[in-house]
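Report on the structure given below.
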Amino acid sequence: MKYVLFVCTQNAGRSQMAQALFDRHAPDDVRAESAGAEPADRVHPVVVEAMREIGMDLSGQRPKKLTLEMQLHADRAITLACGARCPYVPSVVEDWDVSDPADRPIEEVRLIRDEIELRVKDLLDNRLDQIRRDRRQHMMRISRLVPGLVDEFGGELTDDEIRAIADEILATYEDVPVRSFVMTLANRKAREIVRERAGARAGA
């Protein structure tokens, strides 16, 4: 499972539309999330209206705060014209220069919606294979997980053994539907396995 993260400042318009349209068109092995640095209280009503016109109901969606976990778990990030207000995401990042639909008339929001849909289709048609092959985020997650394990257990297992355990554990989370707490869970599980193997070696 690969994840594309759509980021705009409030997560109340462009990124919500992009996530919904991506999930409509994407194959089953790729999913989207969206979030914002300064999430609003709700999705803009005019966005809800424009999306309802094409059979997509965003009325129950709530803007989300962009977290470090989301950034670490994104295999591709798309920022939507939020410039320096969008946090750095440690993966391949594209910026889509799309107008903010907030407080615009429905006629303009329809155009913004349709532009985002075209960009989503272009992403899927032309860069999906790159996203599927890209291992950089997996390696980034390993690089954040391994040092703490080595500090704690380096005298009991080799660095390569610890890295192999971290790699194995992270791989088990590749297909989970929500990655929000994967690093926390992976760290806990990896520590358990490393401790067990170190204990078994000591007792042998």
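Distance NZ/K121 to NE2/H25: 4.5 Å, rounded to 0.5 Å. In this structure, the separation between CG on D100 and CG on L80 is 10.0 Å, given to the nearest 0.5 Å. Interatomic distance, SG of C8 versus CG of D95, reported as 11.0 Å (0.5 Å rounding). A distance of 13.5 Å separates CG of D159 from CZ of F153, quoted to the nearest 0.5 Å. Once rounded to the nearest 0.5 Å, the distance linking CD of Q19 with CG of L58 reads 9.0 Å. For the atom pair CZ of R113 and CG of L21, the computed distance is 8.5 Å after rounding to the nearest 0.5 Å.
By the 4.5 Å heavy-atom criterion applied to side chains, N11 and F6 are not counted as neighbours. Counting only heavy atoms from C-beta outward, the side chains of R31 and K2 never approach each other to under 4.5 Å. The shortest distance between side-chain heavy atoms of R76 and R127 falls below 4.5 Å. Counting only heavy atoms from C-beta outward, the side chains of I78 and F22 never approach each other to under 4.5 Å. D75 is not listed as a side-chain neighbour of V4, based on a closest heavy-atom distance of 4.5 Å or more. Side-chain contact check for I116 versus V120: some heavy-atom pair is nearer than 4.5 Å. The side-chain heavy atoms of L124 and P27, taken from C-beta on, include a pair separated by under 4.5 Å. For the pair P39/K65, a side-chain contact is recorded, criterion being any heavy-atom separation below 4.5 Å from C-beta on.
By the 6.0 Å contact criterion, CG on D103 is open, its count of non-hydrogen atoms from other residues, nucleotides or ligands being 12 or less. Within 6.0 Å of CG in D41 there are 12 or fewer heavy atoms belonging to other residues, nucleotides or ligands. Few gaps surround CZ on R110; more than 12 heavy atoms of other groups in view lie less than 6.0 Å from it.
Looking only at distances, no side-chain donor or acceptor of R188 sits under 3.5 Å from a matching main-chain atom of T184. Between the side chain of T79 and the backbone N or O of E94, at least one donor-acceptor pair lies under 3.5 Å. Judged by distance alone, the side chain of R14 and the main-chain N or O of V98 form a donor-acceptor pair under 3.5 Å. In this structure, R104 contributes its side chain and V109 its backbone to no donor-acceptor pair below 3.5 Å. A distance-only check finds a donor-acceptor pair linking the side chain of N126 to the backbone of D122 [under 3.5 Å]. Under a 3.5 Å cut-off, the side chain of D23 and the backbone N or O of A32 do form a donor-acceptor pair. In terms of modelled atom types and a separation under 3.5 Å, the side chain of E161 and the main chain of T158 share a donor-acceptor contact.
Under a hydrophobic clustering in which Ile, Leu, Val, Met, Phe, Trp and Tyr are joined whenever their side-chain heavy atoms come within less than 4.5 Å, directly or via other members, I106 and M51 fall into the same cluster. Cluster annotation: I54 is connected to V47 through the hydrophobic network of ILVMFWY side chains, with a link wherever side-chain heavy atoms come within less than 4.5 Å.
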(request) Please report the C-alpha distance between R119 and E115 in whole Å, then the side-chain angles of each, then the deciding distance to 0.1 Å, and finally whether the salt bridge (Lys or Arg N to Asp or Glu O under 4.0 Å) criterion is met. (result) CA-CA 6 Å; R119 288 176 178 267; E115 178 185 353; 3.1 Å; yes
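For the pairing with R163, the side chain to side chain contact (heavy atoms under 4.5 Å, CB included) check across V146, L149, L157, V150 returns one residue only, V146.
In the model, D57 has a side-chain atom that pairs as donor or acceptor with a side-chain atom of S59 under 3.5 Å. Inspection of the Q16 and H44 side chains reveals no N or O donor paired with an N or O acceptor under 3.5 Å.
With respect to the salt-bridge test (charged N to carboxylate O, under 4.0 angstrom), the residues R132 and D29 qualify.
A pairwise comparison of heavy atoms in S15 and S34 identifies O-CB, 3.5 Å as the closest pair. Closest heavy-atom contact between P101 and V46: O-CG1, 3.7 Å.
The side-chain hydrogen bond (donor to acceptor under 3.5 Å, both in side chains) contacts involving residues 189-198 comprise E152-R191, where partners must be two or more places apart or lie in separate chains.
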